[in-house]
Amino acid sequence: QVQLVESGGGLVQAGASLKLSCAASGGFFRAYAMAWFRQAPGKEREFVAAISKSGGSTSYADSVTGRFTISRDNAKNTVYLQMNSLRSEDTALYYCAATQRFLIATHGAQYDNWGQGTQVTVSS
């Protein structure tokens, strides 16, 4: 089982940028498709972005398309989420997730490994 640790969250103003990182350990990183999900207070967890095992394919939620970019560095066992033009509605706890079962996946049920999350708060 791979272990995931997120970092990079914080408090920023609307329009600012943040870059989240998720470091993986305990598994063969290239065997895992990776994704970011988020959960705001009182709301369901939602998909944000996913990247395939090789990094050659990505998928984004409509709400972040054009503003967020997911990437991975297989040499560093790390997946990133570059977030630009942040909005107050992006405020949430952001989770990193990993799955071996799919080449790329956009649903939470498809993921077997989760991090503890990193908080992103955007003030308007």
Side-chain angles (χ1 to χ4, degrees):
Q1 291 279 16
V2 67
Q3 288 79 49
L4 306 172
V5 178
E6 302 95 335
S7 62
L11 171 63
V12 297
Q13 291 188 333
S17 298
L18 274 178
K19 187 173 185 177
L20 305 184
S21 299
C22 172
S25 61
F28 183 56
F29 186 63
R30 297 184 186 192
Y32 292 86
M34 303 295 295
W36 290 93
F37 290 79
R38 66 187 182 187
Q39 187 167 20
K43 294 188 177 182
E44 296 289 320
R45 182 181 62 195
E46 65 174 355
F47 167 74
V48 176
I51 189 165
S52 62
K53 297 180 180 184
S54 68
S57 297
T58 57
S59 180
Y60 296 92
D62 289 344
S63 60
V64 306
T65 297
R67 301 187 298 123
F68 291 11
T69 302
I70 189 171
S71 61
R72 65 189 295 161
D73 185 337
N74 285 344
K76 295 183 178 180
N77 291 356
T78 301
V79 63
Y80 304 97
L81 185 68
Q82 177 67 48
M83 306 185 295
N84 298 329
S85 302
L86 283 162
R87 305 167 180 168
S88 57
E89 54 263 41
D90 295 318
T91 295
L93 188 60
Y94 283 71
Y95 296 95
C96 175
T99 182
Q100 289 183 292
R101 296 184 283 131
F102 302 90
L103 290 176
I104 188 169
T106 61
H107 298 283
Q110 296 173 302
Y111 287 85
D112 304 303
N113 303 279
W114 295 82
Q116 294 299 306
T118 186
Q119 179 67 39
V120 173
T121 303
V122 184
S123 62
S124 56

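Atoms considered below: every heavy atom in the structure, side chains included; atoms not considered: hydrogens, waters and symmetry mates. Residue numbers count from 1 along this sequence. Small disclaimer: the values here were computed from a predicted structure and weren't measured.
- In this structure, the side chain of S85 does not engage the main chain of R67 through any donor-acceptor pair within 3.5 Å.
- Side-chain atoms of T91 come within 3.5 Å of backbone N or O of V122 as a donor-acceptor pair.
- Residues satisfying the ring pair (Phe, Tyr, Trp, His ring centres under 6.0 Å) criterion with F37, sequence neighbours excluded, are F47, Y111, W114.
- The number of heavy atoms from other shown groups lying within 6.0 Å of CG (L103) does not exceed 12.
- Considering only residues two or more places apart in sequence or on other chains, S7 meets the side chain to side chain contact (heavy atoms under 4.5 Å, CB included) condition with S21.
- Sequence neighbours left out, the pairs with a member in residues 13-102 that pass disulfide bond (SG atoms under 2.5 Å apart) are C22-C96.
- A donor-acceptor contact shorter than 3.5 Å is absent between the side chain of Q116 and the backbone of V5.
- Residues V79 and Y95 are members of separate hydrophobic clusters, defined by side-chain heavy-atom contacts under 4.5 angstrom among Ile, Leu, Val, Met, Phe, Trp and Tyr.
- For F68, there are no ring pair (Phe, Tyr, Trp, His ring centres under 6.0 Å) partners, not counting sequence neighbours.
- In the hydrophobic clustering (ILVMFWY side chains linked at under 4.5 Å, chained through shared members), Y80 stands by itself.
- No side-chain donor-acceptor contact under 3.5 Å links K43 to the backbone of R38.
- Looking at Q82, its side chain never comes within 3.5 Å of a backbone N or O of K19 through a donor-acceptor pair.
- In the hydrophobic clustering of this structure, V48 groups with Y60; members are Ile, Leu, Val, Met, Phe, Trp, Tyr whose side-chain heavy atoms approach within less than 4.5 Å, directly or through other members.
- When the side-chain hydrogen bond (donor to acceptor under 3.5 Å, both in side chains) test is applied to T121, the partners found at least two apart in sequence or on another chain are Q119.
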